[in-house]
2 protein chains.
Amino acid sequence: MADVKIQNMNPQTIKVACSNCNLRELCMPLGLSAEEIDRLDDMVANRRKIKRGTALFRNGEKFNSLYAIRTGFFKTCVASEDGRDQVTGFQMAGEIIGLDGIVNDHHTCDAVALEDAEVCVMPFDRIEDLSREINGLQRHVHKIMSREIVREHGVMLLLGSMRAEERLAAFLLNLVQRLHARGFSQSELILRMTREEIGSYLGLKLETVSRTFSKFVEDGIVEVKQRHVRILDTEALSRLVNHQNECH
Amino acid sequence: MADVKIQNMNPQTIKVACSNCNLRELCMPLGLSAEEIDRLDDMVANRRKIKRGTALFRNGEKFNSLYAIRTGFFKTCVASEDGRDQVTGFQMAGEIIGLDGIVNDHHTCDAVALEDAEVCVMPFDRIEDLSREINGLQRHVHKIMSREIVREHGVMLLLGSMRAEERLAAFLLNLVQRLHARGFSQSELILRMTREEIGSYLGLKLETVSRTFSKFVEDGIVEVKQRHVRILDTEALSRLVNHQNECH
DNA sequence: ATTCCGCCTTGATGTGCATCAAATACTGGT
DNA sequence: ACCAGTATTTGATGCACATCAAGGCGGAAT
């Protein structure tokens, strides 16, 4: 008993365990038994800190691991051969990145930290080994990948058929909803990305993003002070996303 | 020896086996041993024929199985609450559809046959059972999902940053490349979808798709007679996709 | 062969967003 | 606290694509 106490008081020991991680409701351990979660700790090879502005991995690098975000905020982006690039997503604590690398053993996008971040490194072959033994983990890995596919369907709908205001409204609602699931405010958020990065994600130019923010402010839907955004009228944003084109 | 011969001559016996399927280089059995492929036959519950214009599954339906396309051609599309819809992909023989359903146990898109089609129905729990035993299958399932994620990244790049001509060029090149991998011509193809469906996929209106085809014809890049397309200058299409914006 | 209907093409016009440009606000480093 | 560089806002203008409209083609049913 005394031994256990001493071990637990060692901050190193506490920190590396999935069972003690405050993201366990959002991250890989979702839906597993306490016993199974303990086994997940073997899956996490180590932690890695990523400085703001630097890459966790880059297009072309060998794929070895998936990464669970512990803290911080990332963007992922792909580049075409002629140098254009496209932000494909923004990821926050509890989310998994690196799935793009599985198919060809090499990453096909960049993952860049938008603020200082820390990730759990999970070697993919260990994930595969363990998910052969723990059915719940196998299912969970499948769900994570399927969720990413479904999310991207939503982005395709946005990029293919929505207008600027609808895109930005959908973007803001999605961000606050995910932040809220992590215990943050439903109505207030700090953007970790530039207008240009938002624009890239939404298929708009940065000026259009800026103008659309200004429009929302005029309409009393949000307050914007640089990257600090307060949503005053969530309903109005929802209406923009869902009912914009009903008049046709 | 005589017995084997007789069995093989029974057309039923031949047809249901993955080991005899002429898509085995493209479909689930990819990279498995002969012995493992035999076991996959247990995975395929049955076949299902889908008439042109009807759905294999629809948004909201319970998810049970993945489907391997044996013959025919599908589109998948998502719908927003206000009725717009977006084609998220076109699928052909050897490709797997239904991955969207895993995450919530319900499908989130429609899969509609664009010509009479036949699919192998693979109950997902059997896939999970079997992929716990056959490492190569587990890896393959992961790769299929990762491939879909990467494909969608490409579509996001297309929708977010390309102009009409580039989008259509990329679309045509992608289609012929996949058809070529199935033994069809590198330069000739028959479109199974309408201009409107192409437009939905590419984030364009059908008139723009039509005009862009006409432009390609004027430029001597393709010949178009309704849905029959012959590519005269693949290089020109590639240049459109890759170098369009270099002048900037 | 004729008719119908969905699909496609083409033209005229409009508009939402991009582009170009310039001023201002903010951030990080020293 | 100051400075340099970056991010943001806002205005003026242009263009790519959407929208509206009309006519033509072709396949399926009779």
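So you know, we letter chains A, B, ... as the sequences are listed, proteins then strands, and number each from 1. Quick caveat: nothing in here was measured; it's all calculated off a predicted structure.
A close approach under 4.0 Å does not occur between any side-chain nitrogen or oxygen of Arg211(B) and OP1 or OP2 of dT9(C). OP1 or OP2 of dA7(D) has not a single side-chain nitrogen or oxygen of Ser210(A) nearer than 4.0 Å. Note on Thr208(A): every side-chain N or O is 4.0 Å or more away from OP1 and OP2 of dG16(C).
Relative ring orientation between Phe57(A) and Tyr67(A) is described as parallel, the plane-to-plane angle staying below 30° on a 0-90° scale split at 30° and 60°.
Electrostatic pairing of Glu188(A) and Arg230(A) counts as a salt bridge here, judged by a charged N lying under 4.0 Å from a carboxylate O. Electrostatic pairing of Glu207(B) and Arg211(B) does not count as a salt bridge here, judged by no charged N lying under 4.0 Å from a carboxylate O. Salt-bridge formation is not detected for the pair Lys215(A)/Glu218(A): no Lys NZ or Arg NE/NH1/NH2 atom is positioned less than 4.0 Å from an Asp or Glu carboxylate oxygen. A salt bridge does not link Glu95(B) to Arg151(B): none of the charged side-chain nitrogens sits closer than 4.0 Å to a carboxylate oxygen.
If you take CD of Glu218(A) and P of dT9(D), they are 13 Å apart, rounded to a whole angstrom. Per the geometry, CD belonging to Glu196(A) stands 14 Å off C1' belonging to dA18(C), to the nearest Å. Summarising the geometry, the separation between CZ on Phe213(A) and P on dA7(D) is reported as 16 Å, rounded to the nearest angstrom. Taking atom NZ on Lys205(A) and atom P on dC20(C), their separation rounds to 10 Å, with Å as the unit. Separating the CD atom of Glu207(B) from the P atom of dG11(C) is a distance of 14 Å, rounded to the nearest angstrom. Remark: C1' of dT6(D) and CG of Leu191(A) are 17 Å apart, rounded to the nearest angstrom. Across the protein-nucleic acid pair, Lys51(A) atom NZ and dG28(C) atom C1' stand 13 Å apart, rounded to whole Å. Between the C1' atom of dT9(C) and the CG atom of Leu206(B) lies a distance of 10 Å, rounded to the nearest Å.
Considering only the side chain of Arg163(B), dC17(D) comes nearest among dT9(D), dT10(C), dC17(D). Taking the side chain of Arg227(A) as heavy atoms from C-beta on, and the options dG26(D), dA7(D), dT9(D), the nearest nucleotide is dA7(D). Comparing dT9(D), dC17(C), dT10(C) by their nearest atom to the side chain of Leu204(A) picks out dC17(C). Of all nucleotides listed (dT9(D), dA18(D), dA12(D)), dT9(D) comes nearest to the side chain of Val224(A). Distance from the side chain of Thr194(A) is smallest for dA7(D) among the nucleotides dT9(D), dT9(C), dA7(D).
No N or O donor and acceptor, one from the side chain of Glu165(A) and one from the base of dC17(C), sit under 3.5 Å apart. Taking only distance into account, the side chain of Arg52(A) never meets the base of dT27(C) through a donor-acceptor pair shorter than 3.5 Å.
As judged by a 4.0 angstrom heavy-atom cut-off over every strand, Gln226(B) is placed among residues touching the sugar-phosphate backbone only. Gly203(B) comes within 4.0 angstrom of the backbone, heavy atoms only, and of no base.
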